[in-house]
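Here is the structure we will look at.
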Amino acid sequence: MRRVTVYDSRTRETRVFAPIHPPRVGLYVCGMTPYAPAHVGHARTMVVFDVVTRALRRWGYRVFYVQNVTNLDDKLIARAADEGVDPLALAERHFAAYRAAMERLGVHSVNLYPFATDYVPEILTQIAQLIERGFAYRAPDGSVYFEVAKFPGYGALSGQKIEALRPGARVERDERKRAPEDFVVWKASTPGEPSWDSPWGPGRPGWHIEDTAMTVRLLGERYDLHGGGLDLIFPHHEAEIAQAEGATGAAPLVNYWMHSGLLLFEGTKMSKSLGNVATLDGALDEYGAMTLRLYYLNAHYRSPLDFDPVKSLPEAREAYARLAQPADRIAALLARGGPEREGAELPATLADAAPAFVERLDATLAEDFDTRAAIALLFGWTRKLLESGVNWDDLSGPALAELRAPYDWGSEVLGLFGGPTGDAAGAWAEIVPVAIAARTRARARGDFAEADRIREALAAVGVRLEDDARGTRWSFASAP
RNA sequence: GCCGAGGUGGCAGAAUGGUUAAUGCGACGGACUGCAGAUCCGUUUCCUGGGGGUUCGAUUCCCUCCCUCGGCUCCA
């Protein structure tokens, strides 16, 4: 296992990552509440933790990645009522769409997507423990509240002081609570809502309790990594700590808290009321998965990132086109000739460089998942290959594979440089040269209209032609 | 008000107590080209919010001020 450092939001320091039961790693990431289509902000968080997981796995850690699905809460119930559908069915539908979008984005690292409503027994057990240990109390209407004053550590994660919260006065006065900062763990049911029986009467889980009930069940009373967006630190993650540590007595619940920076939209927070929400599917349609992933990963994961459809995204698209240029060309050559392909060996300036370079990539990323620095290195590799003036077309399979190695690393860890390979590429390899030959003849006799027609026809199906001194080259246009 | 993150070149955005302040995008000039694209060469060599302080030396450390953004129980 490689030495990895991780910045922990709770202790506010970067420490060497030491799992409780190496090489196993328990990772829990707060997923979305599927009451509306996923937006590009959700996707940033998911790509960040996808890369964390891919990297740890590459380095020998056995990561069990759990991402919860809050398939029942106030928003879902309200939205379902608007649409006149069952809230659980609404959640199911949006979750399916979310999964499909994640597939398009190349996020395949999650092991388990547990649904909140499948953990009601665990939730009831945990609430009973909290009441028994004096951390929670029952309200007259059958709701159960966590009593923040009973948990001295409350506020440690976010740096909030309870006294400081009260003057904020955004908390509505609620007669059922002993203090304004107390939060609900069990909500007495309102007629028409889904509800479950409990010792305190029919009701449904509060927002925070599902996570701790799931984590204790799936990852244990203490586990290694918890991720999520920065906006969840308070109160959600604060509440998780209070609930889990209160219920089990084991502390700390989580050894390393990782929070991803929020995505802004043209400089301000995305919100539905401002109408500045970009859906993930729309962004995938417009920019493609590779551009989006590069865009997300080309920023430090804790920094805010500005989603600007006319500036930052087109820039990312240009940057990706350059970065992936050698990767795509080498992949296309390997797909056609295969790894056994005959040809020249690498020039001395490039020979043996790749293994050391890949090691540098790993070492760089292992410093608190510095994807940006790793990408800067990959740009350096691209520049080195382009400036070397090597004739790709003449290289042997093993030589090409060596040049491709850093991009394979990028593919494995960052999820970049995907593209058609195997059979699909093979079929194109039969057809495209025929079209190129026809175009070359047309150009030779000066029939440029015909030549352009052929080029455009191929472009329409995703094959890009480029002429240079050696003739016409083709490649797959970066797939959107 | 409280908590937190920031203010770096035309833009995005790194890094470091001290040689030419990463990387990318963009721009300009040139090569190549039927066109386009890609690539290459050159230029963008006077960029670190204001003011103090520590230091031989600060963009980097300390203090202060100004400004921006986020959180403060809907939130990835």
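Per chain, numbering begins at 1; letters A, B, ... match sequence-line order.
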Can you give the donor-acceptor pairs under 3.5 Å from side chains of residues 28-37 of chain A to other protein atoms, not counting sequence neighbours?
| unit_1 | atom_1 | unit_2 | atom_2 | d |
| --- | --- | --- | --- | --- |
| A/Y28 | OH | A/D211 | OD1 | 2.7 |
| A/Y35 | OH | A/K75 | NZ | 3.2 |
| A/Y35 | OH | A/K272 | NZ | 3.2 |

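- Near RNA chain B, meaning a heavy atom under 4.0 Å from it, residues 37-50 of chain A has A/H39, A/G41, A/H42, A/T45 in order of number.
- Of the options A/T117, A/D74, A/D73, a side-chain hydrogen bond (donor to acceptor under 3.5 Å, both in side chains) to A/R204 is made by A/D74 and by none of the others.
- Nucleotides B/U73 and B/C11, compared at atom C1', are 38 Å apart to the nearest Å.
- Rounded to whole Å, the P atom of B/C2 lies 12 Å from the corresponding atom of B/C65.
- At a threshold of 4.0 angstrom between heavy atoms, the contacts of A/L263 include nucleobase atoms, whether or not backbone atoms are also involved.
- Between A/A376 and A/L232, the residue anchored closer to the 5' end of RNA chain B is A/A376, taking for each the nucleotide with the nearest heavy atom.
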Study note, to complete from the structure: Under a 4.0 Å heavy-atom criterion, the protein footprint on nucleotides 33-41 of chain B, written with B, S and -, is -BBBBSSSS
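- Note on A/S158: only backbone sugar-phosphate atoms sit closer than 4.0 angstrom, heavy atoms only; bases stay farther off.
- Counting any heavy atom pair closer than 4.0 Å across all strands shown, A/R12 reaches sugar-phosphate atoms only and no base atom.
- To the nearest whole angstrom, the two P atoms, one in B/C46 and one in B/U54, are 29 Å apart.
- Between A/K269 and the phosphate of B/G71, there is a side-chain N or O to OP1/OP2 separation shorter than 4.0 Å.
- The side chain to side chain donor-acceptor pair (under 3.5 Å) search around A/W186 returns A/S198, not counting sequence neighbours.
- Not a single side chain to side chain donor-acceptor pair (under 3.5 Å) links A/N111 to another residue, sequence neighbours left out.
- Salt bridge A/R104/A/D285: present, at least one basic N to carboxylate O contact under 4.0 Å.
- The partner of B/G70, taking Watson-Crick or G-U wobble pairs whose two distances both stay under 3.5 Å, is B/C3.
- Residues satisfying the side chain to side chain donor-acceptor pair (under 3.5 Å) criterion with A/D368, sequence neighbours excluded, are A/Y301, A/R302.
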